[in-house]
Structure formats: C-alpha cells, structure tokens
Amino acid sequence: MNNREMFDISSVQLQDPQFAAGQEAVLSFIRKINPERALAAFRRNAGLPDGGASPYGGWENALIGGHALGHWFSAAAMAVRAFGDEALREELIYIVRELRKCQAAVGNGFLSAASPACPENPEIRFDIEEGKAEGKTWVPWYALHKVLAGLTDIYVYTGEEEALAAAEALGEWVFSRVSGWDEEVHRRILATEYGGMNDALYVLYGLTGKEKYRKAAEAFDDPELYRHLTEDPDALDGVHANATIPKFIGALRRAEVLPGDERSEAYAGYARAFFERVVETQMYATGGIGDMEHFRKDRRLDHARTQCNAESCCVYNMMKLAGMLFERTGERYYF
C-alpha cells in the first residue's frame with residue numbers, strides 16, 4: 001500500500017452541508033426502490049410468477065433491463081456499510097435469495113431482467129449478439145456486468161454469502177458461454193459495448209481464487225485495443241468512450257488481483273497511459289469528457305460542444321479509473 005492506509009467507507013462522514021444534502025438525496029432515492037418491482041423482470045425471464053409487480057420503467061423495461069438495478073445493488077450495499085441501514089440490508093438479503101430462486105429455475109446460474117421477457121430462452125439476447133439467432137438485442141453483456149458487479153458488491157459490503165454464491169453461479173455461466181466462442185465470435189464480442197465484464201470477473205477471481213473466473217475475465221481483455229488507443233496518433237477520435245473506459249478499468253483490475261506478472265504490468269501501463277491521454281487531450285474544464293458518449297479529436301474540444309457533452313456514465317468510469325490509479329500509485333495527480 002506504499003505506506004498508505006485506505007479508510008473503510010463506514011469511517012468517513014460528509015459534514016459540509018452541500019455534500020451532506022446531496023448524499024441524503026441519493027440515500028432517499030436508494031431507499032425508495034421496491035424489491036418486488038426490482039425482481040419482477042428477473043422472475044419473468046426465469047419463468048416464475050412475478051407476484052403482480054411491474055418492472056420499473058425506462059431502460060429497466062427494455063432490452064437492457066437489470067443494468068440500472070445492478071447499479072442499485074452496489075449503491076444499496078455501500079449504504080448498508082456506510083450507515084448501518086438494517087432495513088436496506090434485509091431488502092438486499094431478500095432480493096439475493098429470490099435471485100437464487102431465479103437461477104435455480106433457469107438451471108445454469110443465468111440471470112436476466114431484459115424486457116420483453118423470454119422464459120423459453122432467457123439467453124436469446126446473447127445468442128443474437130453472437131450472431132447465432134435473429135432478433136433485436138442491445139448490449140446484453142453491458143447489462144449483465146452491472147448485475148454481476150452488484151452481486152459482488154453486496155457480498156463485499158454486507159458479507160452476505162448468498163450474494164457471492166449468486167455471483168459465482170453467474171460466473172460459471174459466463175465461463176461456460178465464453179468457452180464456446182470461436183475466433184470470429186470472440187472478435188465480434190470485443191467490438192461491442194460489454195461494460196466492465198473483465199473487471200467484474202477479475203473481482204470474482206480475487207474473491208474466490210477460482211481459475212475459471214480468471215479465464216472468463218481474460219476473454220474480455222483486449223490488449224490490441226489497449227495498445228492502439230494509447231500509442232497511435234488520433235486513435236481516440238470517434239471512439240465510443242463509455243464502451244472503452246471500462247475495458248481499461250478491467251485491465252487495471254487484473255494488475256490488482258494478479259500483481260507482478262508481465263501481462264498485468266503491461267495492462268497497468270496501458271490503463272495509466274489511457275487515463276492521462278484522456279485527461280490531457282479530451283477533458284473539459286468541468287471534468288467531463290465526450291460528446292454523445294464519443295471521444296473527438298485530441299485537443300479540439302471547442303469543436304465538440306453540444307447539449308450532449310460529458311455524459312455521466314463516462315464521468316463515473318473515469319472517476320473509478322482515477323481512484324484505482326491513486327490506490328495503486330499514491331500519486332496526487334490521480335487524486
């Protein structure tokens with residue numbers, strides 16, 4: 001840790017009135033989520049009764065249903081750890097145990113909240129993504145990443161063993177799925193927006209030490225992309241920022257859980273170079289990046305100012321990468 005001590009979130013309090021008010025607004029929202037509505041689409045895709053509950057609207061009632069709820073799993077788990085919210089803890093434990101029933105009903109550990117539900121083939125969106133079926137799909141791996149990361153966060157922040165069991169069952173499904181990819185399908189998936197699947201799987205490997213999760217994570221690594229975007233001139237122009245930043249987060253996560261090997265050190269170098277390039281050539285004065293979630297030409301930010309700059313997912317992922325680089329190096333630049 002380079003003589004640094006990292007504080008647990010339960011040891012930190014926000015006392016500035018502005019920050020405290022913002023925190024309370026977030027907590028108020030987190031506590032309003034209804035567990036039955038959160039579970040409804042997962043249950044439908046598993047062929048289980050939804051109890052009359054309706055899924056939440058917006059993207060949660062779409063082909064990427066589950067991704068916002070995965071973020072909520074993480075946020076709620078952090079709130080439990082930070083504030084000792086026992087009511088929220090009980091809700092998360094209930095949700096996890098109900099998700100385990102969904103996994104049992106599907107039979108292979110898979111979870112999906114995509115709408116419309118497809119209980120006869122819950123994996124249909126992934127079949128379409130791989131070119132093995134016809135129909136509509138929309139970044140299913142991106143949505144799945146949020147669910148998997150949420151489950152591991154519930155375990156890390158609350159100690160709920162069933163959450164780790166659910167994450168492992170889902171990790172088993174991922175390992176089985178990626179093990180069947182040929183080179184063409186692999187290239188096809190690497191070209192999509194799959195969030196931080198490598199990040200979440202490396203976290204799962206770090207928690208369990210099981211090699212199958214490491215191998216599954218490596219299927220989502222993209223060293224050719226890492227090299228290209230950090231070394232080639234103008235490589236960022238037109239690149240989908242929110243699809244790309246999490247891939248570097250995953251690269252850095254490998255270095256965290258597998259320190260010292262040659263690949264990990266190379267990946268850490270790529271993540272550092274990528275972050276610095278983005279900050280120095282793509283970042284607005286506000287700290288945000290991108291236009292319509294895409295990078296534009298280096299150092300030409302005045303030519304890409306619209307009503308769609310600095311999308312929040314990109315900001316979130318850059319902050320996550322910054323935090324990880326600070327923990328690794330202790331350099332104030334990243335802080």
Side-chain angles (χ1 to χ4, degrees), residues 59 62-64 67-68 71 125-126 128-131 136-146 181 183-200 219-254 266-322 324-325 333-334:
W59 283 345
L63 293 171
I64 53 171
H67 90 288
H71 278 305
R125 318 297 173 196
F126 295 84
I128 298 168
E129 188 86 337
E130 294 176 7
K136 293 183 178 179
T137 192
W138 185 21
V139 293
W141 288 106
Y142 176 90
L144 189 75
H145 159 241
K146 309 304 180 284
W181 289 349
E183 186 176 346
E184 180 182 351
V185 172
H186 191 197
R187 286 199 306 270
R188 183 186 183 109
I189 298 304
L190 288 182
T192 70
E193 185 175 11
Y194 53 79
M197 279 302 304
N198 51 352
D199 177 26
F220 292 95
D221 287 340
D222 196 348
E224 186 174 323
L225 177 82
Y226 304 154
R227 185 209 60 77
H228 171 60
L229 294 185
T230 55
E231 296 178 6
D232 293 352
D234 299 318
L236 290 178
D237 188 16
V239 170
H240 193 292
N242 196 46
T244 303
I245 305 165
K247 298 180 182 185
F248 282 91
I249 292 173
L252 190 57
R253 188 73 69 187
R254 177 194 168 90
Y267 282 11
Y270 287 135
R272 184 168 180 160
F274 171 78
F275 178 87
E276 293 177 6
R277 180 173 186 174
V278 170
V279 167
E280 292 166 13
T281 71
Q282 295 280 339
M283 184 169 283
Y284 295 96
T286 58
I289 60 168
D291 178 40
M292 290 293 291
E293 294 192 43
H294 285 69
F295 293 116
R296 303 304 179 190
K297 289 186 180 296
D298 289 352
R299 306 183 192 280
R300 299 291 299 278
L301 299 181
D302 194 48
H303 293 258
R305 286 190 294 114
T306 74
Q307 75 276 24
C308 296
N309 291 128
E311 195 262 357
S312 59
C313 288
C314 299
V315 175
Y316 164 80
N317 281 314
M318 283 296 289
M319 290 178 67
K320 184 173 182 177
L321 186 54
M324 291 173 67
L325 285 165
Y333 173 85
Y334 302 111

Validation row: Arg227, Asp232 side chains within 4.5 angstrom (heavy atoms): yes
Under the salt bridge (charged side-chain N to carboxylate O under 4.0 Å, His left out) test, residues paired with Asp234 that sit two or more places apart: none
Leu252 side chain near Phe274 side chain, heavy-atom distance below 4.5 Å: no
Aromatic ring proximity, centroids under 6.0 angstrom, Trp181 and Phe126: no
Note, Ile189 side chain near Phe220 side chain (heavy atom, < 4.5 Å): yes
Partner residues of Glu183 under the salt bridge (charged side-chain N to carboxylate O under 4.0 Å, His left out) criterion, sequence neighbours left out: Arg187
Backbone N/O of Ile64 and side chain of His67: donor-acceptor pair under 3.5 Å: yes
Closest non-hydrogen atom pair between Ala200 and His145, with its separation: CB-CD2, 3.7 Å
Over 12 non-hydrogen atoms of neighbours within 6.0 angstrom of CD in Glu184: no
Any donor-acceptor N/O pair, Arg254 side chain to Ala268 backbone, under 3.5 Å: no
Nearest non-hydrogen partners of Pro246 and Ala241, listed with the distance: CD-O, 4.4 Å
Pair Phe248 and Phe275, ring centroids less than 6.0 Å apart: no
Ionic contact status for Arg277 with Asp298, cut-off 4.0 Å: yes
Note, Thr306 side chain near Asn309 side chain (heavy atom, < 4.5 Å): yes
Nearest-0.5 Å distance, NZ of residue Lys146 to CE of residue Met197: 9.5 Å
Test item: Leu229 and Phe295 side chains (from C-beta on) under 4.5 Å apart, heavy atoms: no
Any Val279 side-chain heavy atom under 4.5 Å of Met318 side chain: yes
Heavy-atom closest pair, residues Ala235 and His228: CB-O, 3.4 Å
Any side-chain heavy-atom pair of His240 and Glu193 under 4.5 Å: yes
Six-ring centre of Tyr316, Lys320 cation under 6.0 angstrom, axis tolerance 45°: no
Ion pair Arg305/Asp291, N-O distance below 4.0 Å: no
Shortest non-hydrogen separation from Asp221 to Leu190 and the atoms involved: O-CD2, 3.7 Å
Donor-acceptor contact below 3.5 Å, side chain Gln282 vs main chain Arg296: yes
Electrostatic pair Glu276:Arg272 at N-O distance under 4.0 angstrom: yes
Sequence neighbours excluded - salt bridge (charged side-chain N to carboxylate O under 4.0 Å, His left out) pairs with any residue from residues 239-253: Asp199-Arg253, Arg253-Glu256
